[in-house]
Each structure stands twice: as structure tokens, then as C-alpha cells.
Amino acid sequence: MWQETKQVFVQSIERAAMAAARQLPGLVAMLLIVLLFAALAFMVRFALSRILSSFGLDRRFHRWGPVAAEEWMPRGSPTLLFARVGFWAVLVTGLLLGLGVFEPTSALAIRLLGYVPQALLAIVILAVGVALSRVLEQNVLVSAVNMGLQSARLLSLGVKWLVVVLAAAMALEHLGIGGMLVTVSFGILFGGIVLALALALGLGSRDAVSKSWEKRQQQREKASEEVRHL
Amino acid sequence: MAIATSGAVEAEAPERSVRAPVLVGIPFGAGGADELEAAHGIDRELRRLFPHRSCAVLALARRRGRVTAVPAGGGAFGAGKAAGFAASDIGGSAPDTPGSAGALASREAAQGAAPDPLEGVEEDDEISALLAAAERLQAPAAALIQPDAHDGDSDWLRQLLLPVVDGGYDLVSPWYTRQGFDGAVNNGIVYPLTRTLFGLRLRQPICREVALSAKAARHLLSDAAWHEELARAGPDMWFAPPAISGQLKVCQSHVGRHTGRPAQSDEGVAKALARVLGILFRGMERHAASWQRTRDAGALATFGSAPSPEGTAPLIDSSAMVDAFRLGYRDLHRVWSLVLPPATLLALKRAAEDRTAFRIPDSLWARIVYDFAVGHRVRALERTQLLLSMTPLYLGWVASFVGEMGAAPAAQLEERIEALCAEFERSKRYLIARWRWPDRFLP
């Protein structure tokens with residue numbers, strides 16, 4: 001009985017050792033590829049930094065860019081951003097290729113490889129959403145202050161986070177994470193906010209809002225009567 | 001003809017009749033009866049002012065996005081003469097039938113056999129169409145006017161035209177009589193900045209009316225940057241930069257009260273301010289090499305007589321403007337910090353917290369305007385938002401000015417504006433340093 005049990009254990013260990021031995025070349029190959037691509041990634045980052053710096057990208061972007069670069073770029077430098085994107089793009093490519101030569105997990109690697117475009121698109125959606133939220137935040141803030149709204153800051157932050165949450169929900173849906181749950185959750189959240197605001201304005205703060213508008217209108221009329229700016 | 005600085009322009013009847021007509025352009029909307037009546041009135045006034053000179057009124061009508069110049073006005077509008085000049089003066093063009101908008105469009109149908117000298121004059125805006133017509137007809141002078149901006153009593157048309165027609169000047173800028181604190185954007189920003197940058201003491205440098213000589217018309221027509229600016233700026237024109245680049249002989253004339261509707265009432269203070277600032281800052285960017293070399297402002301020929309200010313400046317409750325400034329400081333100081341240096345932000349913080357007497361000193365205001373010009377140039381943030389974010393600062397300055405000058409003798413207002421201009425001029429070195437080294441020079 002003991003002998004049979006021992007034999008089964010030994011055979012299992014031998015199979016495991018054999019399996020590990022079969023993976024070893026693939027593992028070594030993967031490590032080599034990853035190391036190679038890591039070196040390549042460093043070279044790409046260095047090359048991009050030098051080329052873009054000599055082109056004066058930071059200065060040009062600062063001058064011609066649509067929004068303040070320092071707000072959403074590492075150290076306010078588009079050169080640094082592109083260098084980092086290049087570095088990680090090469091490194092991730094190396095990892096995926098390495099996974100491809102790793103035979104037992106090749107099916108997983110293929111699935112991951114198929115998933116990469118969706119993941120990249122989700123990242124782009126999120127990045128665009130965040131950038132858009134910052135621009136809208138600034139625009140809403142300036143407009144609200146010029147309208148004399150006391151809660152201008154709150155309003156601009158609300159707009160910012162609404163856009164960020166919307167972008168995050170779109171990215172998650174694109175990745176297939178959460179399924180309908182994300183969509184329904186966002187719908188409930190957004191609908192709830194709108195309903196709450198409508199109720200607050202329609203019932204609770206009706207008089208206050210009305211008085212505030214009247215006061216603003218009176219102030220505006222009074223100012224327009226007294227100073228003609230142009 | 002005799003011209004005296006700060007005096008009336010005296011016309012002497014010229015002995016000879018000049019064939020090429022003096023052109024007066026009027027922007028036409030739908031070509032309704034009131035516009036045609038205004039054109040007739042201008043025509044009658046022209047014939048009274050210049051009986052020995054050929055003159056023509058042109059309707060600058062927009063059709064399908066393009067502005068064309070069409071003879072208009074005058075009692076002889078439909079009977080062989082257009083707007084007070086003989087058809088032969090412009091090559092035989094016969095006028096349209098008056099009284100309808102369609103009349104302007106049917107010029108070709110009403111023409112005789114002679115070719116229309118204004119055929120093909122089509123531009124993007126009114127001033128360009130007038131200049132093109134002036135060049136086509138080799139007009140010695142051309143003026144763009146807004147008849148509804150004047151009351152009937154003043155001698156404004158004569159004051160505007162005569163320095164160009166008989167005085168040898170290239171560009172006449174109108175100087176409207178304003179009451180109290182009216183024209184605050186002009187007093188606080190446009191006038192001091194124009195004077196400091198280009199050395200021109202043009203009291204109201206951004207305008208919708210102007211009189212130009214043939215030389216000025218040629219220069220403006222050839223200035224591509226100016227036309228590009230016109231497309232962005234709309235009807236308001238800043239003639240100081242092209243006047244300097246074209247070495248034009250500039251003067252200004254008192255033209256009475258401006259009775260037109262202010263643009264601010266249509267678009268609000270913030271948008272109006274942003275529009276005017278955009279004109280100034282883009283002009284500064286285009287002509288940076290020129291204004292950095294300009295020294296002190298010299299005297300500028302001024303015609304007509306300004307009514308002497310009487311009484312006291314009005315007492316205005318500026319609390320709403322102070323509140324707007326304080327709200328702006330509370331919520332926008334992070335945006336301002338992208339443009340203004342720390343010392344300026346600290347001074348603004350003190351002003352916002354001062355509950356006794358709200359004041360923005362002239363030196364601080366001059367630096368704020370200069371810093372925003374630099375911020376606009378380097379695109380510290382999106383340009384429209386940058387200009388809009390200056391509104392609370394501007395309202396703060398107006399509140400400070402009004403609080404300081406309220407109930408003061410009206411004559412002192414002009415002296416106070418002169419003091420502000422002097423401060424802008426003293427701070428010009430700061431502007432030049434910041435303009436040249438926007439990142440390095442932060443006091």
C-alpha cells in the first residue's frame with residue numbers, strides 16, 4: 001500500500017518536473033525577449049526625448065496647445081509624456097511576444113493579445129474624458145463666476161466629476177467589465193443627480209432661487225444704467 | 001482751408017471741382033426706408049459741406065456673406081445721379097430705384113450701357129468693401145460712418161472728413177463726447193495701452209467710424225494681417241497698429257455725443273471685454289517689434305471743440321462690482337496664478353480682504369493688463385477663457401476708479417485718466433521684460 005502510494009507521488013513529481021523542464025526553454029526565451037525589449041524601450045525613450053527636445057516640442061506645445069500643458073502632463077512636458085508612452089509601448093509589446101513563446105500559456109497569451117486593442121481604446125477614452133473634464137471645469141468656473149454665481153466652484157467640480165465618471169463608465173463598458181451593471185449604475189447615478197437638482201430647485205429652493213435671480217437681474221439693470229463699459 | 005489743433009476745421013471753397021468722388025460708406029442692413037433716408041440725409045449734408053467737390057454715398061450691403069458697395073442716397077437717387085455725384089464721376093453708373101432692399105440688388109438692371117465701375121467689388125466686411133471701392137474709383141478720401149450713432153445737431157461729418165479731404169491727414173479717428181464714467185474699457189485699458197504701445201494719444205482708438213486718405217486706403221488694402229484681424233474682430237477696428245506700420249498721418253476729431261446703442265448691451269460685459277482685449281492683444285503680438293521700439297507719446301492733432309465738462313462725476317454704488325471682484329478672487333485665483341506673478345496675486349488678495357476702502361492702484365492695474373497680454377501671447381490657458389477670466393479684475397478696477405472719483409469735479413476725470421496713462425507708460429519696461437522673457441522674468 002505504502003509502495004503504491006509512494007510510486008504515485010514519485011510519478012506525480014516526475015510529471016511536474018518534466019512539465020517544468022518543458023517550460024524552461026520557453027521561460028528562458030520569454031525572459032530574453034523581455035530583457036531585449038526592455039533595453040529597446042530604454043533606447044526608444046532616450047531617442048524620443050532627444051529628438052522631441054531638439055524639435056522644441058515643449059515650447060511649441062506650450063505656445064500652440066489648446067490647454068495648459070502642465071495641468072495634465074508629467075511635469076508639464078509633452079516630450080516626457082511621449083517618451084514614457086514610447087517606453088511602455090515597447091515594453092508591453094515585448095511582454096506580449098514573450099507570452100507568445102511561452103507554449104503552455106499561449107492560449108492565454110493569445111486571449112490577452114486580443115484584449116490589448118480594447119484595453120488601449122479604453123485608456124484613450126478615459127484620457128480624453130479626463131482632459132475634457134478639466135477643460136469643461138475651467139470653462140464652467142469662469143462663466144459661473146462672471147454670472148456672479150456663489151457656488152461657481154461647486155458647479156465646476158460637479159461638471160468635472162460627471163464627465164470623469166461618464167468616461168470611466170464608457171471605458172469599463174468597452175472593456176466588458178461589469179456588463180450592464182456599470183451602465184445601469186451610471187444611469188441611476190446620473191438620473192438621481194438630475195432628479196435631486198430638479199426637486200431641490202422646484203420645491204425646496206424655489207423661493208431662494210427666485211429671489212437670487214431677481215436680485216441679480218436688479219443688480220444687472222442697475223449696473224447697466226450707471227456704467228456703460230464700451 | 002485752415003486747420004487749428006483743438007479748434008474747428010475751417011473749409012475754404014476750392015476753386016476747382018475734383019472729379020474723383022469722396023466716398024462715404026454706410027453699412028446697410030435690410031435696406032429699409034430708414035436706412036435709405038439716412039443715406040439721403042448724409043448725401044444732402046455732403047453737398048452742403050463740399051459744394052465744389054464730387055461726393056458719393058455708398059451703401060455697404062451684405063448679400064450671401066459678402067459685402068458689396070452700391071451707390072445710394074440722394075434726392076436724385078433714381079434719376080440719373082447717385083448720392084450727389086454724377087454718374088460720369090464713377091464711369092457712368094446709374095443708380096438703383098430707391099425704397100426697397102431689392103433696389104440694391106438690381107443695380108445691373110438699372111444700369112445704362114456704360115460699365116459699372118464698382119462691378120466685382122465684393123469683400124468680407126464693410127471697411128474692406130469701402131476701401132476696394134475707393135481704390136477702384138481713385139477716391140481722394142473715404143469714410144465709414146454710422147449715421148445712427150450721431151444726433152442731428154453736431155457738425156460731426158464735417159469734423160470727420162475735412163482733415164483728410166483738405167487737411168492732408170491720412171486717418172481721422174472720431175472722439176465722442178462721453179458722460180461720467182462711460183467708456184470704462186476705453187479709459188482703463190484701450191486708451192492707456194494704445195498710447196503706451198504706439199505713442200498715439202488717440203482718445204478713443206477702437207472705433208466703428210473712420211475717415212481715410214487714398215494713401216491710408218492703399219496701405220490698409222495691402223495689409224493682410226489687418227484683414228485677417230477684421231475677420232476675427234467684427235465691426236470694431238483698431239487703427240493704431242496699421243497707422244504706425246504705414247507711417248500714416250493721424251489725427252482725431254470731436255464728433256459730438258455717441259447716441260448709438262452700446263455693443264455691451266447685446267453681449268454682456270464679459271464677452272464685450274474679451275472681444276476688445278482680443279483685438280488689443282492680437283495686435284500687440286503682430287506688432288511686437290514696432291511697439292517695443294516706440295518711446296513716449298507725442299502730441300496728436302485734434303480738431304473740433306470738446307464741450308467743457310461741467311458739474312461733478314456721478315456717485316455710483318460700486319458694491320456689486322466689488323462683490324464680483326471678491327467672488328472672482330475666491331474662485332479664479334488659481335486660474336489667474338497661471339498668468340499673474342505671486343506679487344500681483346498677493347496685492348489682489350490684500351485688495352479683496354480690505355473692507356475699509358477698496359482700491360486697485362494704477363501700478364497694479366497696469367501690470368495686470370500687461371501680464372494678461374503676456375499670458376495671451378504664451379497661451380497660458382485657452383485664450384477665450386483667459387480673456388473672460390479677466391472680467392472680475394476689470395470690474396474691480398472700475399469699482400476702484402468709481403469709488404475714488406465719485407462726486408469729484410467732472411474736469412478731474414480727464415486728469416485722473418492722464419495719471420493712469422502715465423503709470424502705464426512708466427510700467428512699459430516691465431511689459432517689455434515680461435514679453436521677452438515670459439518664463440524667466442517673474443518679480
Q: Check whether B:Leu273 gets within reach of chain A through its side chain, its backbone, both or neither, counting any heavy atom under 4.5 Å.
A: neither
Q. Chain A heavy atoms under 4.5 Å from B:Val276: which part of the residue, side chain, backbone, both or neither?
A. side chain
Q) What parts of residues 151-158 of chain A touch chain B if we use heavy atoms and a cut-off under 4.5 Å? A) A:Ala152, A:Arg153
Q | A:Asn146 (side chain) donor-acceptor with B:Leu388 (main chain) under 3.5 angstrom | A | yes
(Q) A side-chain contact here means heavy atoms from C-beta on lying under 4.5 Å apart; do A:Gln138 and B:Leu381 qualify? (A) yes
Q | side chain to side chain contact (heavy atoms under 4.5 Å, CB included), paired with A:Val145, selected from B:Thr391, B:Asp331, B:Val335 | A | B:Asp331
Q) Counting only heavy atoms not in B:Arg334, do more than 12 sit closer than 6.0 Å to its CZ atom? A) no
Q. When rounded to the nearest 0.5 angstrom, what distance separates CG in A:Leu141 from CD in B:Gln385?
A. 9.5 Å
